[in-house]
Amino acid sequence: MIETDAGTGSALSLPPELQSPRAKLVYLYLTTNRRATVGEMAESLGMKKISLYGILKTLRNEEFIQQQGEEYRLA
């Protein structure tokens with residue numbers, strides 16, 4: 001699946017391994033925002049922090065994202 005970033009016109013692609021709609025949402029959020037804290041993602045995406053921690057752990061274990069201090073970014 002390929003999405004287009006309206007701001008730059010470049011194509012954003014999702015890794016085919018991502019099956020969860022919420023994981024895809026978090027991945028796309030980090031693609032467009034470069035880096036964010038759990039609090040920023042919770043506020044912007046309208047998700048509970050407890051849900052985000054599980055998603056971020058999975059994305060980190062699959063090496064799609066990295067954690068630096070309190071911030072997360074794409075790997």
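Quantities reported herein were computed from a predicted structural model and do not represent experimental measurements.
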Quiz item: So among Asn33, Leu52, Leu25, which one has a side-chain contact (heavy atoms from CB on, under 4.5 Å) with Met41?
Solution: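 With Met41 as partner, side-chain contact (heavy atoms from CB on, under 4.5 Å) holds for just one option, Leu52.
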Practice problem: Please step through side-chain contact (heavy atoms from CB on, under 4.5 Å) for the pair Thr37 and Tyr72, ending with a clear verdict. | Solution: CA-CA 6 Å; Thr37 65; Tyr72 293 86; over 6 Å; no
Taking atom [atom1] of [X] and atom [atom2] of [Y], what is their separation to the nearest 0.5 Å?
X: Ile65; Y: Lys57; atom1: CD1; atom2: NZ; value: 12.5 Å
X: Arg22; Y: Lys24; atom1: CZ; atom2: NZ; value: 14.5 Å
X: Phe64; Y: Leu74; atom1: CZ; atom2: CG; value: 10.5 Å

Self-check item: 4.5 Å side-chain heavy-atom contact, Arg73 and Gln67
Solution: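 Contact flag for Arg73/Gln67 side chains = no.
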Exercise. Kindly indicate whether the side chain of Leu18, heavy atoms from C-beta on, has any atom under 4.5 Å from the side chain of Leu59.
Key: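 Yes; the side chains approach each other to less than 4.5 Å.
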Exercise. Would you check if the side chain of Thr31 reaches a backbone N or O of Tyr27 as a donor-acceptor pair within less than 3.5 Å?
Key: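 Yes.
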Quiz item: So, does Gln19 use its side chain to make a donor-acceptor pair with the main chain of Pro16 at under 3.5 Å?
Solution: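 At least one qualifying donor-acceptor pair exists.
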Self-check item: Glu70, CD: over 12 other non-hydrogen atoms inside 6.0 angstrom
Solution: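 Open: at most 12 neighbouring heavy atoms sit under 6.0 Å from CD of Glu70.
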Quiz item: Under the side-chain hydrogen bond (donor to acceptor under 3.5 Å, both in side chains) criterion, do Arg60 and Gln66 qualify, and how do the steps go?
Solution: CA-CA 6 Å; Arg60 202 173 57 240; Gln66 296 176 338; over 6 Å; no
